Amino acid sequence: MIMRQWLARPARALTGLWLFAVLAAAWWVTSAGSTSPFFPPLETILRRLYQLWFAGSAKQQLASSLAHFALGYAIAAVAGIGIGALLWSLRRVREATSPFVYFLYVLPTPVLVPAIMTIFGIGFAMKVVIIAFAAVWPTLLNTLDGMNGVDPVKLDSARVLGLSGPAMVRSVVLPAAGPQIVAGLRNSLQVSIILMVVSEIVASTGGIGYFILTAQQNFSFVDMWTGIIVLALIGTVLNLAFVLAEHWVLHWHYGARATEGKR
Amino acid sequence: MSRVSRSQPPGRSGAAAGGTPAAGAPVVSLHSVRKAYRAGGSAERVALGEVTFDVGRGEFVCVVGPSGAGKTTLLRCMAGLAAPTSGEARFEGAPLRRVPDQVGVVFQDYSRSLYPWLTVSRNVALPLKVRGVDRAARAARIEEVLRSVSLADVGRQYPWQLSGGMQQRVAIARALACHPELLLMDEPFASVDAQTRFELEDLILALREEFSVTVVFVTHDIDEAIYLADRIVVLSASPGTVTEIVDVALPRPRDQITSKGDERFARHREHIMSLVMSRSAAARAARRD
């Protein structure tokens with residue numbers, strides 16, 4: 001019953017695939033027989049994509065990129081929710097740190113890349129730090145905002161039931177702010193993917209961003225296009241996985257909203 | 001102090017922090033409780049004037065008054081959710097500093113007080129978990145209270161899948177799960193239709209017997225107050241003070257048709273109505289000046 005509820009939405013989203021199919025077909029038709037080195041035929045790109053990324057060894061590039069992404073995003077998610085909850089609990093600290101938090105939030109992370117490189121070198125740690133640092137803000141601020149917006153009656157009820165301190169945060173505040181926290185996590189996911197590529201373009205000897213950049217610099221435009229398509233596919237798969245997880249975790253939220261609409 | 005003598009089942013008293021209260025000692029005792037928001041500042045707003053009354057063990061006390069009289073503020077002070085600006089609120093003899101373990105509260109809006117991410121059973125389980133009741137005892141208690149509110153079969157559903165009346169029953173079950181000494185209810189039936197309201201009124205009278213719990217019930221509905229209460233505390237318009245405490249002379253068990261048809265019911269209603277109306281009219285006149 002619930003299983004079907006949280007599968008229904010992603011399933012509906014898939015019906016939007018027709019536009020995607022039309023555009024892909026249009027690309028295929030218009031690029032067929034193209035002799036431009038910059039816009040090779042889609043057929044050529046897809047053949048090369050299979051050679052490189054499925055049959056070939058380019059998928060090793062992917063493994064290192066995804067490892068950076070997974071660790072960076074995980075740190076951002078845990079730190080964002082954790083620090084957000086901590087700041088919510090400690091009103092004084094929150095008020096004291098709020099200007100600083102927003103100061104860091106508006107700072108575009110790519111400008112910090114040179115500084116982070118200086119400190120962490122150009123290896124694994126640097127990329128993870130860049131991703132985590134950029135992706136922590138949407139989750140942190142949404143957690144804080146969501147927790148500030150929890151219905152006071154829910155908090156009164158919690159106190160009446162005997163909850164306080166960490167138990168109250170875990171059992172009431174966190175789930176009540178859940179929908180907004182998840183919205184923050186989703187933003188952080190996007191930021192993580194972007195910074196995964198940026199960190200590899202700026203300074204790297206591997207990874208999918210590095211692959212796309214070197215292909216372009218070597219005039220291997222077909223290879224470059226395969227990298228872009230693979231990246232788009234990865235982004236799509238990650239987003240889809242996120243939506244599935246979201247509907248599983250927040251099934252109560254969507255269920256309650258749906259019944260509210262009926263009344 | 002208690003005006004209604006009712007024998008206590010064994011093992012129900014003496015659980016209070018600070019020792020066993022003397023027999024007949026009030027469960028709640030309010031002494032000159034006054035609550036002002038932004039106290040001391042130029043924007044001070046007095047929500048509750050000086051209120052003094054006691055609630056005896058086993059009593060059913062209703063608080064009525066015009067809107068804005070500070071009924072909810074009074075209830076929050078009795079629950080330990082809000083500290084009085086001056087005066088003192090005591091629970092079983094001890095000054096209230098936090099919500100005591102032996103107090104259950106039912107809020108007006110069940111859609112806000114119940115947790116939509118928990119099933120009905122888990123909502124009811126929450127206060128039991130906090131108090132360290134083990135799994136088997138928890139399951140038994142959940143079944144017991146849900147059966148008491150006639151919701152034996154909905155444990156696995158979510159609150160938002162139920163009707164309004166059923167949701168408020170869940171909130172009542174959750175408040176009773178730990179067998180509180182005192183049940184505080186803040187206009188609990190204001191958001192349900194009239195038919196459901198009568199059912200819930202009878203339910204709460206039955207539960208009061210079953211759990212032998214002291215009840216303080218805030219309402220703006222005078223008929224409801226007379227039907228339910230042993231005593232009615234009538235508050236004046238803002239800022240609320242006690243206008244009169246009315247003893248309800250209606251026999252128990254009460255019944256929606258005969259009790260409300262009783263001539264004493266009509267007399268009480270006329271009396272309380274005139275108290276509330278004249279007071280709020282006077283307050284309006286005072287505000288105009």
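Reminder, nothing fancy here: chain letters follow the sequence lines and each chain counts from 1. Since this is a predicted model, take the numbers as computed values, not measurements.
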Give, as side chain, backbone, both or neither, the part of [X] having an atom under 4.5 angstrom from any heavy atom of chain A.
X	value
B:Leu128	neither
B:Val105	both
B:Arg98	neither
B:Ser111	backbone

Within the 4.5 Å heavy-atom criterion, are [X] and [Y] side-chain neighbours or not?
X	Y	result
B:Leu207	B:Val215	no
B:Val27	B:Phe91	yes
A:Val243	A:His247	yes
A:Val153	B:Gln108	no
A:Leu104	A:Trp137	yes
B:Glu199	B:Arg169	yes
B:Leu183	B:Ile204	yes
B:Ser29	B:Asp54	yes

Inset, instruction - Under 4.5 Å, counting heavy-atom pairs only, tell me which of B:Trp117, B:Tyr115, B:Phe107 racks up the most with chain A. - result: B:Trp117
Legend entry - Heavy-atom contacts under 4.5 Å, residues 146-157 of chain B to chain A: none
Legend entry - Residue-level contacts of residues 75-85 of chain B with chain A, using a heavy-atom cutoff under 4.5 Å: B:Arg76, B:Gly80, B:Leu81
Inset, instruction - Tell me, yes or no, whether the heavy-atom count around B:Arg197 atom CZ, taken from other residues, nucleotides or ligands under 6.0 Å, exceeds 12. - result: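 Counting other residues, nucleotides and ligands, CZ of B:Arg197 exceeds 12 neighbours.
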Inset, instruction - Determine whether more than 12 heavy atoms belonging to other residues, nucleotides or ligands lie under 6.0 Å from atom CZ of A:Phe124. - result: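 Counting neighbours around CZ of A:Phe124, more than 12 heavy atoms of other residues, nucleotides or ligands fall under 6.0 Å, so yes.
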Legend entry - Region of A:Asp151 in contact with chain B, defined by heavy-atom distances below 4.5 Å: side chain
Legend entry - Between A:His253 and A:Glu246, a side-chain donor and acceptor under 3.5 Å: no
Inset, instruction - Would you check if the side chain of B:Lys71 reaches a backbone N or O of B:Gly65 as a donor-acceptor pair within less than 3.5 Å? - result: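 Looks like yes, one N/O pair under 3.5 Å.
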